[in-house]
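For reference, the structure is listed below as structure tokens.
Below, chains carry the letters A, B, ... as their sequence lines are ordered, and counting in each starts from 1.
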There are 2 protein chains.
Amino acid sequence: MSDSTIYEVARLAGVSIATVSRALRGTGPVSAATREKVRRAVEELRFTPSRLGVSLAEGRHAANGIVFPDLSGPYFGEVLLGYEEVAADLGRSVLILSTRDRAGVPETVKDLATRVDGLVVFGQTLPDALLTELADSGLPMVMLARDAHPGTEAVRSENAGAAEALTVHLIAHGHRTFALAGGHDEGDVSQRWTAVARTLGHHGITAPRPVECPYTVDGGYEAGLGLLKSGPDVVVCADDQVALGVILAAEELGLRVPDDVAVTGWDDIMAARHSRPALTTVRQPLRELGAAAARLLDELIAGAEPSDTTRVLATDLVIRSSCGAHQVHPPEEP
Amino acid sequence: MSDSTIYEVARLAGVSIATVSRALRGTGPVSAATREKVRRAVEELRFTPSRLGVSLAEGRHAANGIVFPDLSGPYFGEVLLGYEEVAADLGRSVLILSTRDRAGVPETVKDLATRVDGLVVFGQTLPDALLTELADSGLPMVMLARDAHPGTEAVRSENAGAAEALTVHLIAHGHRTFALAGGHDEGDVSQRWTAVARTLGHHGITAPRPVECPYTVDGGYEAGLGLLKSGPDVVVCADDQVALGVILAAEELGLRVPDDVAVTGWDDIMAARHSRPALTTVRQPLRELGAAAARLLDELIAGAEPSDTTRVLATDLVIRSSCGAHQVHPPEEP
DNA sequence: TTGTACGCGTTATCAT
DNA sequence: ATGATAACGCGTACAA
């Protein structure tokens, strides 16, 4: 509260503020005796340097921000976890901003931008014009789960290859009629749908339009109720939560998964392993995503020039039982 | 980046910095003509007031922090969501700190404390001595999911009453042999176990010792494998994730839920509704918890004296199917 | 209505 | 080894 200042410490220790600063930061020569006097004064006064003062003098916040759409569901939490951990290791605090269905996001983001040395932004949370404005202002920025915006760096995980592998696998299972659940934005998901459609095309199958829905179990359930009426062989879902919802919808309709309809997810959240049937999905390194973003941002803050480059983290196709019998066509050999 | 300062704006507009400040904040009389000149200069220079300068002058950060143990699982994410939303509404940024199994937490928390006007701390994340030190320093603090620490305010949700109601319900179902899964700390969970034990005692049943385990599905699974071997009628779990794990363990052991063994959770996370069998649990208003903490903290920051008081939010017993047949003894009438 | 000048709490440069 | 002092960027009494 009524924190003491470096001046009070200096007076009590009988030295100048410069000496106090040096003694505390070890940034210059200080005699042992003086150091001890300062130490005692600091202790007595419970002195803690004001962050504002330090930052103003240092010209940096030692903090960085992250903007994400939401925090319900495991996805963003896991990524945030990895981000915060690395940021903390690098001695930087983390400010968060959830955009949800909130009003006044641009203003809030700009405010956030004034409080940090750099910003990580999830794909699809901010309009491109705003991204440009921020990047142009010279703020170090890293995009997450989408390709780089001009003036930024980006990290995402591999989508197209995994989507193709998944699709090929499903076709090998004998599935021919596909349904796609979980709308398409311009980030990760659209890359997946594009690759799925392309792969289906190679096999003479016309890809259906993805059915948009919130990336939640409930969203998947609602979408599933509609989708399943047309009797697809398999429902490829934008993420695991949607897939879990589709499975519930299938049950509701008296369909057995995977016997009557196969279902696949994306992300490999914990529930994917535990659901029945266990979910065939694509594993994304969620924490690593956040961690990589934190490291990239740190490099930018340290002075690296933004390369408009997208770093792509590897994903793994995880075959479980929700996609159908494995005996038809075994997955490709190593 | 190379942001312009209020001095440059003042020079370009041909006025003093005081006028610029007044014009921008509407904090004093400014002629329309001057205001327009300032507006133009601001626009041309893309001027944005430095947060550091503003905070230093205003003597406040307009930001508050929150300390939680983890972010995996739905619990903390939901609470954080409610917290951040209200904080943003109040014009305050949010800094997060996850303690996980991290080293150097006390130092990091103290650093965090220098960057905020107030702090919300989840129960069991920080040692009491540190809480005392922070509170004594005059930092406004709100405890979450535990009772108030001296010098703070607290919000938690009701535990004992719900635990009693749950226990009574289970006894009415004919369950006599209880098992408790999910270790006891000194926050929410211990209050629940205490109430369960007391209620069981009233019915002549000796409460077992809770089996400690991480609050995760995997933790519940592991604990369940051990617990279930003694053949309890019901496993009361510390939270829904643990309960989901116990159900998996039961399956693994060839036990049917709830026919062979009943299982209950706590929190009413989304997966509780969707699991099979659907989870009997206690609904906690997670977002409200975070929102209430944000509001309380705001009052403290505004000058309210900490009352060492704990605000208790209502919970609801949610009867689904995992606790056993309802026909044996119907739940108490309204 | 507008401007001057001081305070906010540091760090760091330059003397000494 | 130590001290005086200039930044850093802003808000705001106080004066005009």
Basic-acidic side-chain contact under 4.0 Å: [X], [Y]:
X: Glu44(B); Y: Arg40(B); answer: no
X: Glu36(B); Y: Arg39(B); answer: yes
X: Arg295(A); Y: Glu299(A); answer: no
X: Arg146(A); Y: Asp128(A); answer: yes

- Message: If you assign Tyr7(B) and Thr34(B) each to the DNA chain C nucleotide with the nearest heavy atom, which residue ends up on the more 5' nucleotide?
- Response: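 Between the two, 5'-proximity favours Thr34(B).
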
- Message: Heavy-atom nearest nucleotide on DNA chain C for Thr27(A) versus Val30(B): which residue maps closer to 5'?
- Response: Val30(B)

Under 4.0 Å, heavy atoms only, any strand: does [X] hit a base, just the sugar-phosphate, or nothing?
X: Ser55(A); result: nothing
X: Pro49(B); result: sugar-phosphate
X: Ser31(B); result: sugar-phosphate
X: Thr48(A); result: sugar-phosphate

- Message: If you only use heavy atoms from C-beta on, which nucleotide in dG11(D), dA12(C), dG3(C) is closest to the side chain of Ala18(A)?
- Response: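 Given the options dG11(D), dA12(C), dG3(C), the side chain of Ala18(A) is closest to dA12(C).
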
- Query: From the list dA12(C), dG9(C), dG11(D), which nucleotide is the closest neighbour of the side chain of Leu56(A)?
  - Reply: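 Closest of the options to the side chain of Leu56(A): dG9(C).
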
How many whole angstroms separate atom [atom1] of [X] from atom [atom2] of [N]?
X: Ile17(A); N: dG9(C); atom1: CD1; atom2: C1'; result: 8 Å
X: Ile6(B); N: dG9(D); atom1: CD1; atom2: P; result: 12 Å
X: Leu52(A); N: dG11(D); atom1: CG; atom2: P; result: 13 Å
X: Asp3(A); N: dC8(C); atom1: CG; atom2: P; result: 13 Å
X: Arg115(B); N: dG9(C); atom1: CZ; atom2: C1'; result: 15 Å
X: Arg22(A); N: dG3(D); atom1: CZ; atom2: P; result: 8 Å
X: Leu45(B); N: dG9(D); atom1: CG; atom2: C1'; result: 14 Å
X: Arg51(A); N: dC8(C); atom1: CZ; atom2: P; result: 20 Å

Kindly say if [X] contacts the phosphate of [N], meaning a side-chain N or O under 4.0 Å from OP1 or OP2.
X: Arg25(A); N: dA12(C); result: yes
X: Arg35(A); N: dA1(D); result: no
X: Ser50(A); N: dG9(C); result: no
X: Ser21(B); N: dC10(D); result: no

- OG1-CG distance between Thr152(B) and Asp308(B), expressed to the nearest 0.5 angstrom: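 Going from OG1 on Thr152(B) over to CG on Asp308(B), the span is 6.0 Å.
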
